[in-house]
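First up is the structure itself, then whatever we jot down about it.
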Amino acid sequence: MTFSNDKPIYLQMADRLCDEILSGKYQDDDRIPSVREYAVLLEVNTNTAVKAYEQLAREEIIYNKRGLGYFVTKGAKRQILKARKKEFMKERLPELFRQMQLLDITIDDVVEAYTDLQNVKV
């Protein structure tokens, strides 16, 4: 994984695990890789992975079964979607609209581009 400089690595790791939950790689109550396994996979210090897992546990995205490892909390996908939608609407959408206005891009232009992208995926 390539990390960016705009966000702490442990938060980027947490985001990646959330992406994996959203994509369906991990379902409710599925066991996720151990802290060490995830650290090795992403080539980071184990302490960094611990911070990522602790963050996700605080957010109740994952939970620990003593001696067994970490598991996906029931309803985690729904919770992640809700939080990310809220963040998108509050943080990213205003800047997007500002750029659209500056560049004279209409909603119709966006719908057309979106439709074109969807047709390419098929």
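Judged as a side chain to side chain contact (heavy atoms under 4.5 Å, CB included), and not counting sequence neighbours, the contacts of Asp15 are Lys7, Arg84. Under the side chain to side chain contact (heavy atoms under 4.5 Å, CB included) criterion, Arg58 pairs with Glu54, Gln55, not counting sequence neighbours. In this view, Tyr10 satisfies the ring-ring contact (aromatic ring centres under 6.0 Å, His included) rule with no residue, not counting sequence neighbours. Remark: Gln27 engages Asp30 in a side chain to side chain contact (heavy atoms under 4.5 Å, CB included) (not counting sequence neighbours). The salt bridge (Lys or Arg N to Asp or Glu O under 4.0 Å) search around Arg36 returns none, not counting sequence neighbours. Among residues two or more places apart in sequence or in another chain, the side-chain hydrogen bond (donor to acceptor under 3.5 Å, both in side chains) test is passed with Glu95 by Arg98, Gln99. Partners of Lys65 under the side chain to side chain contact (heavy atoms under 4.5 Å, CB included) rule, at least two apart in sequence or in another chain, are Tyr63, Leu68, Phe71. With sequence neighbours excluded, no residue satisfies salt bridge (Lys or Arg N to Asp or Glu O under 4.0 Å) with Glu60. Every residue was checked against the side-chain hydrogen bond (donor to acceptor under 3.5 Å, both in side chains) condition with Ser23, not counting sequence neighbours, and none meets it. Annotation: side-chain hydrogen bond (donor to acceptor under 3.5 Å, both in side chains) contacts of Asp28 (sequence neighbours excluded): none.
Using a 4.5 Å heavy-atom threshold, the side chains of Val40 and Pro33 count as separate. Using a 4.5 Å heavy-atom threshold, the side chains of Lys51 and Asn47 count as separate.
Between atom CG of residue Asp116 and atom CD of residue Glu112 there is a gap of 5.5 Å, rounded to the nearest 0.5 Å. Interatomic distance, CD1 of Ile61 versus CG of Leu17, reported as 9.5 Å (0.5 Å rounding). Once rounded to the nearest 0.5 Å, the distance linking CZ of Arg16 with CD1 of Ile21 reads 12.5 Å. If you take OH on Tyr53 and OG on Ser34, they are separated by 6.5 Å, rounding to the nearest 0.5 Å.
Residue Leu81 is grouped with residue Leu56 when hydrophobic side chains (ILVMFWY) are merged at heavy-atom distances under 4.5 angstrom, including chains of intermediate members.
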message = I'd like to know whether Asp29 forms a side chain to side chain contact (heavy atoms under 4.5 Å, CB included) with Val72, so could you lay out the CA-CA distance, the side-chain angles of the two residues, the decisive distance to 0.1 Å, and finally the verdict.
response = CA-CA 5 Å; Asp29 294 315; Val72 177; over 6 Å; no
request  = Test side chain to side chain contact (heavy atoms under 4.5 Å, CB included) on Ile9 and Val44 and set out the steps.
outcome  = CA-CA 9 Å; Ile9 291 174; Val44 300; 4.1 Å; yes
ask   = Given the rule in the side chain to side chain contact (heavy atoms under 4.5 Å, CB included) test, do Phe3 and Met13 qualify, once you have shown the distances and angles that lead to the verdict?
value = CA-CA 9 Å; Phe3 297 102; Met13 291 177 67; 4.0 Å; yes
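Heavy atoms only, all atoms of each residue included: Ala49 and Ala39 are closest at CB-CB, 3.9 Å.
Looking only at atom types and distance, the side chain of Asp109 has a donor-acceptor partner in the side chain of Thr106 under 3.5 Å away.
Heavy atoms of other residues, nucleotides or ligands lying less than 6.0 angstrom from CG of Asp6 number more than 12.
Side-chain contacts under 4.5 Å among hydrophobic residues (ILVMFWY), followed directly or transitively, place Val110 together with Phe88, Met89, Leu93, Leu96, Phe97, Met100, Leu103, Ile105, Ile107, Val111.
For residues 66-80, the set of pairs meeting the side-chain hydrogen bond (donor to acceptor under 3.5 Å, both in side chains) definition, not counting sequence neighbours, is empty.
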